[in-house]
Amino acid sequence: SYAAYSIVTANLGRNMDDVYQHLVNLLADFDVEISVEQINDAIKAQGLRRYESVPILRDVPFELVTLIKERQEELPGIDIEIEPRRVYPNSGLAGHILGYVMQINSNQLENYRQYDYRMGDPFGQAGLERVFEFVENGEQEIGLRGQKGVRQVEVNVANRPIRELLTIPSVPGNNVKLTIDFDLQRVMEDALASVIAQRAEVDNPKAAAGAAVAIDPRTGAILAMASYPSMDPNDYDFINGLPAERQEYYSTPISPGLNRAMQGSYAPGSTFKMITGMAALEAGVLPTQTVNCTGGYPGGIRCLQAHGPSDYYRALAVSCNTYFQAVALRAGADKMAEVAREFGLGEKTGIILQGEQAGIVPSPTWKLELNSTIIDRRYATRYENLDQEYEELIANAESEKEKEQLLKDKDRRRKALEAQYRIDYNFHTRWQDFDTFNTSIGQGSNNYTILQLANLAATIGNGGYLYEPYLVDSIIDQSGKEVKKFEPELVREVNVSKETIEHTKKAMLAVAQPGGSAYRRFAHFPEEIQVAGKTGTSQSGRPGTDLKEDFDGLFVGFAPYDNPEIAIAVIVEYGGSGSLSAAVVSQMVLEEYFGVNRTN
């Protein structure tokens, strides 16, 4: 924050248009465009709070400050005030996390009036700026805002100060210390930007967005969280909000204002196969049991190649669809859903930022509840239309015989509609084998945030302890005293055996070993920093997507294998193969974290 000058006016309760016109003329010499009408509108918005000054222009240069002071006698009721302004020196770095500040709106003013806000005050509108602007549990002492000072003065009829009666200095707000690693955040954002640009150039011009999250598996602390395109908090004008030229921040499909790491949900693709594998192992499948892959599963989804006999470890390493479809039938859809929910999928993580999505864990119960409502509504409309159609026909019938025939026709059509209803209801509400196949490989209705997938990797890596991800380490006051410390919060120890988790870690290690889909990315890492992971390539289902050509690239993983310090999840929208897109971003981030020399 820094101190900025503002031109303000006093609401004197009388016509000041001549004074305001003189000010407008003076400002025009500095290429500042403002009108008397705009000034009067600002005064009207203040309502009955006449004792408060009304801002006309904020953050004005010192030349204008000098001009106003020199012409003070010509500008009764016009003055200069000093107020704090927020600036973000690293531009868009961590912009989605930090959020932005704009002047308080009327609804916020009404809701928080008891905390001494007034029209024109700065107010956090998104991200951590919003969270710590006003702490909902009433802990004002830990907020960023601080406390206003008081200056009581005696003024003359021209609203000019005569003498100062009372001064109470303001109290600065606190500092929020994040868990974010600055260098890791910078590398993550740069890696996303460069890989997305590369994929757009060589593979799919639609590639323009993505997200990544890195978590400490030992605590749940977020080490880096990025969404691309980035959002620069400095772009938000304090008075007028987001300038017209940056309205694309909230346009579709790019929407730079969207924090894709937690506000977007995605089909996880093959990164879901650890869930399928753990469900199968918990259901009695041995990790060394093999499934013979001949290139596809009967009635299911094909593999990219015939992998031959594959056990759990090899199947995850080469991402064999056939294996996971076969063991998914053994485990059952309910078991897959149960394990997914144990690892935090399909539920909000509890991160402090606003707007987090929960995602979807598909299951037979979920499908029945969702589609039965949809089918019932659809057919209720068809029955109603049928009744209305024949009500009009019967009313206009010219004879009893014609009416009788119309009633028979209506009855026949209604029975046909009822028969079709039963067919549609059974088909769309009953869980089918193809639902199991789609779910087992992370397609179908699977939808999760990148934050959830990072937490999945972290929970597997740490042996089954699901933590609530957190961004803030502590709150520190202006004297350097810690006024609040945020500690790790264990959500639960997952109800999956340690043996199953260890087998899954071993299978994820094989992904980054010779023969695995991510071996090329991490082959140069030293032995003591082995990476465990899983690549994924998924059909996005977004509007305008070609299901045969457009794929999202994903990667999840953790390192070191023996004692994980960092877990990561990445998505590159329309990035194609996960090994060529999201895994490359993960490689760059992990190289930075462990100090490993960069390789291609």
Side-chain angles (χ1 to χ4, degrees), residues 86-100 126-132 144 175-197 209-235 249 256-264 349 351-356 449-455 457-458 467 469-476 486 555-559 564-572 581-596 598:
R86 186 80 82 211
V87 65
Y88 302 88
N90 296 298
S91 299
L93 188 71
H96 292 93
I97 297 173
L98 299 178
Y100 56 89
L128 292 175
E129 291 280 19
R130 175 65 186 88
V131 173
F132 288 97
L144 290 163
N175 294 316
V176 176
K177 180 182 178 182
L178 306 186
T179 60
I180 296 295
D181 181 309
F182 181 90
D183 291 328
L184 200 67
Q185 180 73 26
R186 175 181 49 77
V187 168
M188 178 179 282
E189 293 191 16
D190 289 347
L192 268 177
S194 63
V195 169
I196 289 170
V213 178
I215 295 178
D216 186 336
R218 300 163 296 187
T219 63
I222 294 178
L223 304 174
M225 180 165 72
S227 179
Y228 183 87
S230 61
M231 186 274 288
D232 188 347
N234 292 302
D235 284 343
Y249 266 0
L258 177 71
N259 185 350
R260 285 172 162 79
M262 50 166 278
Q263 294 177 324
T349 66
I351 190 170
I352 199 169
L353 298 179
Q354 297 176 324
E356 181 183 14
T449 67
I450 302 307
L451 178 59
Q452 288 172 338
L453 293 179
N455 221 18
Y467 284 96
Y470 67 104
L471 277 165
V472 180
D473 174 82
S474 56
I475 307 293
I476 300 170
F486 292 82
F555 181 85
V556 303
F558 58 84
E565 298 176 19
I566 182 173
I568 190 169
V570 179
I571 187 166
V572 175
S581 56
V584 180
V585 175
S586 301
Q587 172 192 338
M588 295 178 180
V589 172
L590 295 180
E591 284 172 342
E592 169 65 24
Y593 183 86
F594 292 109
V596 176
R598 181 67 50 84

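In this chain, residues are counted from 1 in sequence order. Heavy atoms only: backbone and side chains are in, while hydrogens, waters and symmetry mates are out. The structure presented is a predicted model; accordingly, all values stated were derived computationally and were not measured.
- Residues Ile180 and Leu223 fail the side-chain proximity criterion, which asks for heavy atoms closer than 4.5 Å.
- Residues passing the salt bridge (charged side-chain N to carboxylate O under 4.0 Å, His left out) test with Asp216, sequence neighbours excluded: Arg218.
- Here the CD atom belonging to Glu591 is positioned 10.5 Å from the OG atom belonging to Ser586, to the nearest 0.5 angstrom.
- Taking CG of Leu192 as the reference point, atom CD1 of Ile571 lies at 10.5 Å (rounded to 0.5 Å).
- Put simply, the side chain of Met231 reaches to within 4.5 Å of the side chain of Tyr100, judged on heavy atoms.
- In terms of heavy-atom proximity, Arg260 sits nearest to Pro229 at NH1-CD, 3.9 Å.
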Inset, instruction - Dump the intermediate steps for side-chain contact (heavy atoms from CB on, under 4.5 Å) on Phe486 and Thr179, then the final yes or no. - result: CA-CA 10 Å; Phe486 292 82; Thr179 60; over 6 Å; no
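- Judged as a side chain to side chain contact (heavy atoms under 4.5 Å, CB included), and not counting sequence neighbours, the contacts of Pro217 are Ala458, Asn462, Pro564, Ala567.
- The side chain to side chain contact (heavy atoms under 4.5 Å, CB included) check on Leu93 picks up Asn90, Phe182, Gln185, Arg186, Glu189, with sequence neighbours excluded.
- Here Ser474 pairs with nothing under the side chain to side chain donor-acceptor pair (under 3.5 Å) rule; sequence neighbours left out.
- Qualifying salt bridge (charged side-chain N to carboxylate O under 4.0 Å, His left out) partners for Asp235, counting only residues two or more places apart in sequence or in other chains: Arg246.
- Judged as a side chain to side chain contact (heavy atoms under 4.5 Å, CB included), and not counting sequence neighbours, the contacts of Phe594 are Phe525, Ile529, Ala559, Pro560, Glu565, Ile566, Leu590, Val596.
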Inset, instruction - Determine, step by step, whether Thr219 and Tyr470 satisfy the side-chain contact (heavy atoms from CB on, under 4.5 Å) criterion, reporting the C-alpha distance in whole Å, the side-chain angles of both residues, the deciding distance to 0.1 Å, and the verdict. - result: CA-CA 9 Å; Thr219 63; Tyr470 67 104; 3.9 Å; yes
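- The nearest pair of heavy atoms linking Ser230 to Gly92 is CB-O, 4.3 Å.
- Side-chain atoms of Thr349 and Glu356 include a donor-acceptor pair closer than 3.5 Å.
- Separating the NZ atom in Lys177 from the CG atom in Asp473 is a distance of 5.0 Å, to the nearest 0.5 Å.
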Legend entry - Leu128 vs Ile352, side-chain contact (heavy atoms from CB on, under 4.5 Å): CA-CA, chis, key distance, verdict: CA-CA 8 Å; Leu128 292 175; Ile352 199 169; 3.9 Å; yes
Inset, instruction - Test Asn259 against Met225 for side-chain contact (heavy atoms from CB on, under 4.5 Å), laying out the working first. - result: CA-CA 9 Å; Asn259 185 350; Met225 180 165 72; 3.9 Å; yes
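- Considering all non-hydrogen atoms of both residues, Ala212 and Ala261 come closest at O-CB, 4.3 Å.
- Checking each of Val213, Ile222, Ile215 against Asn455 for a side chain to side chain contact (heavy atoms under 4.5 Å, CB included) leaves exactly one that passes, namely Ile215.
- Of the candidates Leu258, Thr449, Leu451, Leu353, Gln263 forms a side chain to side chain contact (heavy atoms under 4.5 Å, CB included) with just one, namely Leu258.
- With values rounded to the nearest 0.5 angstrom, Asp190 atom CG is found 10.5 Å from Tyr228 atom OH.
- Atoms CD1 and CD1, on Ile450 and Ile568 in that order, are 11.0 Å from each other to the nearest 0.5 Å.
- Rounding to the nearest 0.5 Å places CG of Leu471 at 4.5 Å from CD1 of Ile351.
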